[in-house]
Amino acid sequence: ISARELEHIKKYPNAKVISLGIGDTTEPLPDVVASSMANYAHSLSTRTGYRGYGAEQGSKELRKAIAETFYKDMGIKDTEVFVSDGAQCDISRLQLLFGSKMSIAVQDPIFPAYIDSSVIIGQAGDVEKESGSYKNIQYMKCEPENSFFPDLSKTGRTDVIFFCSPNNPTGHAASRQQLEQVVRFAQENGSIIVYDSAYAVYISDESPRSIYEIPGAEKVAIEVSSFSKIAGFTGVRLGWTVVPKELLYSNGFPVINDFNRIVCTCFNGASRIAQAGGLASLSKEGFKAVISLIDYYKENAEILLETFKSMGLRVYGGVNAPYLWVHFPGSNSWDVFGEILEKTHIITVPGSGFGPAGKEFIRVTAFGQRENILEASRRLRSFL
Amino acid sequence: MAAILFSVSRSLWNPRYERFRKSKFTTHYPARTVASSSAAFSKMSAIHQILSTSISSSASAFIGGHTNLKSATKSSNFAVAGKISGVVKCVASAAEKTAYTTKVSRNENMAKLQAGYLFPEIARRRAAHMLKYPDAKVISLGIGDTTEPIPDVITSAMSKRSFALSTFDGYSGYGAEQGEKQLRAAIASTYYGDLGIQEDDIFVSDGAKSDISRLQVLFGSNVTMAVQDPSYPAYVDSSVILGQTGQFQKDVEKFENIEYMRCTPENGFFPDLSTVRRTDIIFFCSPNNPTGYSASREQLTKLVQFAKENGSIIVYDSAYAMYVSDDSPKSIFEIPGAKEVALEVSSFSKYAGFTGVRLGWTAIPKELLYSDGFPVAKDFNRIVCTCFNGASNVAQAGGLACVSAEGIKAMHEVVGFYKENTSIIVDTFNSLGFKVYGGKNAPYVWVHFPGQSSWEVFGEILEKTHVVTTPGSGFGPAGEGFIRVSAFGHRENVLEACRRFKQLYK
C-alpha cells in the first residue's frame with residue numbers, strides 16, 4: 001500500500017492525501033498519561049527512583065489495575081495477567097508456546113498476524129496457489145450472509161481458534177449468544193480460544209467486552225488485548241494477555257505455567273516507562289481522558305458510516321469498532337482501492353489483504369483528525 | 001563483492017511479501033518421544049501436578065515475579081528446584097481431581113525444559129531467604145541487574161519525548177518495526193563506524209533476550225546449534241523451545257543435539273574448535289557472561305574461519321563490549337570476513353542501565369546469505385514485521401541520547417563505575433586465595449570452588465553472608481564448581497559484600 005501511496009503522491013504532488021488506511025491512532029496522549037511517563041523517566045536518573053529489570057510478567061500494580069479495570073467480577077486475577085509490549089508480540093509468543101504441531105482456525109477475513117505467525121512457526125502447511133489459503137488452517141467465513149459470525153457447524157476441529165471481536169477488519173462485535181456458541185464449540189472440541197479483544201472499548205451496545213463474560217470461558221480461552229487503540233499507545237508499546245489458571249492441556253498441565261516460562265525466557269518485560277503510562281491511563285483521571293479519545297474516534301466512525309450510507313453503499317462495522325467494512329459487490333478490492341485513491345486521494349485498505357472473503361470489500365479506519373475525516377467525507381460524497 | 005554461500009538452509013517458510021509461496025519443505029519434523037516425565041505426570045492428580053510443576057518450573061506466576069516479596073507469603077511452596085521443602089497447603093477437593101481439560105497437547109518442547117529460567121529461580125531463593133531472615137541486609141550480586149541511575153542527558157530525552165506525545169506536533173503512532181531511522185543510523189556509526197555496517201543493517205529491539213528468541217524463530221526447528229559452556233541460559237532454553245534439541249540428559253546435564261563448547265581455565269576460556277562438531281548456528285558471547293572472558297583478535301579470527309569452513313552462522317552477543325579494557329575486539333565485524341558468517345546482537349541494558357527501559361539491537365550484514373543465496377536480513381526483517389511492532393518510542397528517544405556525544409561520555413562513566421566494582425570484587429577473592437577469572441573485560445567475576453557443587457556454595461554464601469550470587473552450573477555443566485559474582489551494585493553494598501566474603505573465607 002505504501003508503494004501505491006508513493007506512486008500516487010508522485011503523480012499528484014499537490015493533492016492532500018488522506019490516510020484512512022493503516023489503523024494508526026492520531027490523537028496526542030492525554031496530559032496525565034504523558035506526564036506520568038515523563039516523570040517516571042526522570043525518576044530513573046535518581047538514586048531512590050532508579051529501577052533495573054522488572055518482573056517479566058509486568059509490574060504487580062499494573063497487572064492488578066488491568067484485572068480490576070477490564071475483568072472486574074469475572075474471576076480473573078492479577079496473577080493471570082501478563083503485561084507485554086503489544087498484541088502482535090503476544091500472538092507470536094503464544095504461537096511459540098503452542099508449537100508447530102497445532103492446528104488453528106481463524107476468521108476470514110482477519111488481521112493477518114494470526115496466519116503469518118502460524119506459517120512462521122510451521123503450523124500452516126502448504127499454500128493453495130489460487131486462493132492463497134493454507135492447507136492446515138481452517139478459515140471461518142464471516143460475511144454479510146451470516147452476519148459476520150461463522151457457521152460453526154461447518155468448522156472442523158482445530159486445537160486453537162483465533163477469534164477477534166470486535167473484529168478487525170469487519171467491525172463486527174459478536175453477541176453474548178454468539179460467544180456462548182464459540183465457547184460451547186471449544187468445549188465440545190477441547191480447543192483453546194485465543195480471543196483478541198483489542199477493540200473492546202469501542203463497543204457501543206450490549207456485546208460482551210471480554211470472553212470471560214461467558215461462563216466456562218476460563219477453561220477454554222486466552223485473551224489478548226492492547227493499549228494501542230485504548231490509549232494511543234501504538235508507538236509506546238503496551239498490551240497484555242490473560243491466561244486463566246483453569247486452562248489446562250490434555251494432560252492436565254496448566255497452560256499458564258508454560259506461558260510464564262515463555263515470557264521469562266523469550267522476553268524481558270515491557271518497558272517500565274510504558275507500564276507507568278499504562279497505569280496512568282487506568283487511573284480515574286487517566287481513564288476518563290482515554291475514554292474521551294475513544295469517543296472522538298467513535299464519532300469519526302459515525303461520520304464515515306453516515307457518509308457511506310448516504311452514498312447508498314452497503315457498509316458494515318463502524319458501531320462497535322473503529323473500522324468500516326464497505327461492500328462493493330462484484331468488484332475486486334484492489335481496483336476499488338485504486339479508484340478511490342485516484343479520484344479522492346484517500347488511502348483505504350483493500351479487503352483481500354485480510355483474506356479471500358475480503359475480496360469485495362474495502363476497510364476504512366476511523367482514526368484521524370476530525371478535519372481530515374470531514375474532508376474525506378466530503379470527497380467521498382462527490383465521488384460516487 | 002564475493003558472496004559466500006553457506007550450508008545453512010533457509011528456514012522452512014518463504015516470506016515473500018505478496019504471498020507465501022511454498023519452497024519444498026515438510027510440515028512435520030521427526031517425531032520426538034514424549035518426555036517420560038510427561039507420561040508420569042499425567043498419572044498424578046491435577047492439583048499435585050500443579051503444585052509440583054509450580055515448583056519445578058518458574059514459580060513466578062504464583063510467587064509474583066522476582067521483585068515481589070509479599071506474594072511469596074501467599075503460596076507456601078517455595079522450594080529448592082525439584083524438591084518440596086516448604087509447607088504445602090493442599091487445596092484440592094475430590095471434585096477438582098476431574099477438572100476439565102482441553103484436548104490440546106502440551107508442546108513437548110516445553111516439557112523438555114528443566115526447572116524455571118535461571119534468574120527467576122535465583123530471585124525465588126532470594127525472596128525465600130529474605131523471609132527467613134527478615135532483618136538481614138541481603139545484598140544482590142546475583143542477577144546481573146544494573147543499580148546506578150541513568151544519566152540525566154538520557155532520561156531527559158525520554159521525558160521530553162513523553163511530553164511530546166501529548167502534543168499535536170510531537171505525537172507519533174506506529175513506528176517502523178526496524179526502529180527509528182535516526183537511531184539506526186546513530187547505532188551504525190557509533191558502534192560500527194568503520195566496519196561497513198550501515199543504518200539499514202541495524203534492527204532496533206526491546207533487548208537481546210527478545211532478539212535471541214526472534215532469531216531462533218528465524219532459524220526454525222531444523223537447525224543445529226553450538227553454545228559456549230558455560231553460557232547465558234537464553235540461548236539453550238530458546239533452542240529447546242523451538243524444537244531444535246532432543247531431551248535433557250541428566251547424567252551430563254546437556255540437551256541432546258546441542259554442541260557444547262567447553263570454556264574452562266584449562267583452555268583459557270576459548271573452546272578448542274578442533275573438537276567442535278559442525279553446527280548450523282554458533283552462539284558466541286564475548287566479553288562472556290558468565291566467565292567474563294573476552295576473546296582475542298586471534299581467537300575470533302579462528303572462530304570466523306571455523307564458521308567459514310563449516311558454512312555456519314555465528315550469532316555474536318556483544319552486550320558487554322563497552323566493558324573491554326584491553327585491545328580485545330568490541331565487535332565480531334572487526335574480523336575480516338565476519339560479515340559473511342556473522343550477525344551481532346547487543347543491548348543498552350548494561351551500558352545505560354536500560355534493563356527496565358528495554359532497548360537493544362541486532363546487526364545483520366547484507367553479505368550474510370543462506371545456502372540458496374537468500375539474504376538472512378530479508379527474512380529477519382519479515383520476522384520483525386510480523387512478530388514484533390518496534391521498540392517503545394520513548395526508549396528509542398533515550399537510545400538516541402545514549403549515542404550522542406554527551407550520552408556516550410555518560411555511558412562510559414556508568415560502565416567505569418561498575419568496572420571499579422569489579423576490581424574490588426576481584427581483589428577480594430584474590431586476597432582470599434581463590435582462583436579468580438573474568439573481571440577485566442566484563443562486569444562478572446568467575447570464582448573457582450574446585451570440587452564443590454556450585455548450588456551448595458551459592459546456598460552457603462547466601463546463608464552465611466546474605467549475599468546472592470549465581471551458581472555456575474546454572475550456565476551449563478562446565479560452570480559446575482564456579483560461582484558468578486556480578487559487579488552491579490551501589491559501591492557501599494559491593495564493599496560490604498566483600499567485607500562479608502572476607503569474614504567467611506578468611
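Not measured: the values here are computed from a predicted model. Values below: all heavy atoms of this structure, side chains included; hydrogens, waters and symmetry mates excluded. Order of the sequence lines sets the chain letters (A, B, ...), proteins ahead of strands, with each chain counted from 1.
- For a residue to count as touching a neighbouring chain, one of its non-hydrogen atoms must lie under 4.5 Å from one of that chain's; by this rule Asp24(A) touches chain B with backbone and side chain alike.
- For Ser392(B), the parts lying under 4.5 angstrom from a heavy atom of chain A are both the backbone and the side chain.
- Defined by atom type and a distance below 3.5 Å, a donor-acceptor pair is missing between the side-chain atoms of Asn393(B) and Glu180(B).
- With chain A as partner, the option from Gly356(B), Ala234(B), Ser349(B) having the largest number of non-hydrogen pairs under 4.5 angstrom is Gly356(B).
- Aromatic pair Phe168(B)/Tyr171(B): ring centres not closer than 6.0 Å.
- By the ring-ring contact (aromatic ring centres under 6.0 Å, His included) test, Phe367(A) is found to be paired with Tyr297(A), residues two or more places apart in sequence or in another chain being considered.
- Interface check for chain B: of the options Arg157(A), Gln95(A), Gln123(A), Gln275(A), the most heavy-atom pairs under 4.5 Å are formed by Arg157(A).
- Most heavy-atom pairs under 4.5 Å with chain B: of the set Ser35(A), Pro30(A), Ser271(A), Ala270(A), this distinction falls to Ser271(A).
- Taking Glu27(A), Glu80(A), Glu246(A), Arg51(A) one by one and counting their heavy-atom pairs under 4.5 Å with chain B, the maximum is reached by Glu27(A).
- Contacts of Phe267(A) with chain B are made by both backbone and side-chain atoms, with heavy-atom separations under 4.5 Å.
- There is no contact between Glu218(A) and chain B, counting heavy-atom distances below 4.5 Å.
- The candidate from Ser36(A), Cys89(A), Cys266(A), Ala34(A) with the greatest count of non-hydrogen atom pairs under 4.5 Å with chain B is Cys266(A).
- No part of Ile91(A) comes within reach of chain B, as not one of its non-hydrogen atoms sits under 4.5 angstrom from that chain.
- Interface remark: Asp237(B) contributes backbone and side-chain atoms alike to the contact with chain A (heavy atom separation under 4.5 Å).
- There is no contact between Ser156(B) and chain A, counting heavy-atom distances below 4.5 Å.
- Heavy-atom pairs under 4.5 Å with chain B peak, among Lys219(A), Met37(A), Arg47(A), at Arg47(A).
- For the options Val255(A), Thr46(A), Ile22(A), heavy-atom pairs under 4.5 Å to chain B are most numerous at Thr46(A).
- Side-chain atoms of Thr102(B) come within 3.5 Å of backbone atoms of Leu248(A) as a donor-acceptor pair (strictly under, hydrogens ignored).
- When heavy atoms are compared at a cutoff of 4.5 Å, Thr265(A) approaches chain B by way of both its backbone and its side chain.
- For Ile212(B), no part lies under 4.5 angstrom from a heavy atom of chain A.
- Proximity to chain B is limited to the side chain of Tyr50(A), based on heavy atoms less than 4.5 angstrom apart.
- Using a 4.5 Å cut-off between heavy atoms, Ala208(B) does not touch chain A at all.
- In this structure, chain A has heavy atoms under 4.5 Å from both the backbone and the side chain of Thr146(B).
- Ring geometry for Tyr235(B) against Tyr232(B) counts as perpendicular: the plane angle is over 60°, on a 0 to 90° scale with 30° as the lower cut.
- Taking CG of Leu247(A) as the start and OG1 of Thr101(B) as the end, the distance is 10.0 Å to the nearest 0.5 Å.
- Looking at Ser43(A), there are no atoms closer than 4.5 Å to chain B (heavy atoms on both sides), in backbone or side chain.
- Residue Ala87(A): no heavy atom, backbone or side chain, is found under 4.5 Å from chain B.
- Proximity to chain B is absent for every atom of Asp90(A), based on heavy atoms less than 4.5 angstrom apart.
- Only the side chain of Ser92(A) comes within contact range of chain B, with heavy atoms under 4.5 Å apart.
- For Leu238(A), no part lies under 4.5 angstrom from a heavy atom of chain B.
- Taking the six-membered ring where the residue is Trp, Phe354(B) and Phe348(B) present tilted rings, their angle falling between 30° and 60°.
- Within the 4.5 Å cutoff, no side-chain heavy atoms of Phe219(B) are placed close to those of Leu242(B).
- Looking at Arg93(A), neither its backbone nor its side chain comes within 4.5 Å of chain B, counting heavy atoms on both sides.
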